[in-house]
Amino acid sequence: MKAVLASGNEHKLRELLHALPGWELELLDADAFPPEDGATYYENALGKARFGRTLAEGWVLGEDSGIEVAALGGRPGIESARWADDPVAALLAALDGVEDRRARYVCELVALGPEGERRGTGVLEGTVATAPRGDEGFGYDPIFVPLGETRTVAELGNAWKREHSHRARAARALYASPTGGSSGDSRP
Ligand code: IMP
């Protein structure tokens, strides 16, 4: 099945491709994306998918994700991409001296297409390291240590991430989900 991912992020594309066998997924050809102004990951993912449907035929996948830190009351959450100029340094500073390092990655996926809407949610639990380690992945990966691991996601690497990330989990949930009702934009 051909589908378009309403994102400019190659890392996200690679993680999703692995978890969606049979999907020929490619990035949306767009110069700019509308601002993320939803109140939830789902609203933002839906907004991206709806935007994609104005530019592309067939199935369009919208994705929104973030990191939720327990000691910060779940922040930065949906603000993860834009709450600081240097989000990794800002998170390390916010947790300086803090013992509770629990955090989780969350990903919400929404597919809009000829047969309606499909969605999937994925979560990866872990902790925030005290200093960056590793070179792979993107965003908070150098300081995120998944539960049961001692290495950061950036050290575990892209192959690990394709199997275990919040995004891979959301994609598998979406893949297994039935096609649901419309979100007002599921015309063929
Ligand atoms: P989005 O592009 O609005 O979904 O932004 C999500 C932000 O959350 C990214 O810019 C990263 O800062 C963070 N994030 C989401 N998923 C990941 C991940 O897999 N690794 C590292 N950071 C992530």
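Counting starts at 1 for both ligands and their atoms, following the listed order.
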Write out all pairs satisfying salt bridge (Lys or Arg N to Asp or Glu O under 4.0 Å) with one or both partners inside residues 1-23, taking only residues at least two apart or from two chains. K2-E24, K12-E63, E15-K161, E15-R167
Pairwise distance OG1(T54) to CG(L28) - rounded to 0.5 angstrom: 7.5 Å
Same hydrophobic cluster for V153 and V145, using side-chain heavy-atom links shorter than 4.5 Å among ILVMFWY? no
Please check this pair: side chain of Y175 against backbone of A19, looking for a donor-acceptor N/O pair closer than 3.5 Å. no
First-shell residues of ligand 1 [heavy atom, distance under 4.0 Å]: K12, E36, K48, E63, D64, S65, G66, S80, A81, Y105, F138, G139, Y140, D141, K161, H166, R167
Answer yes or no: does atom CZ of R82 have more than 12 heavy-atom neighbours from other residues, nucleotides or ligands under 6.0 Å? yes
Indicate the ring-plane relationship of Y105 and F144, choosing parallel, tilted or perpendicular according to the 30° and 60° boundaries. parallel
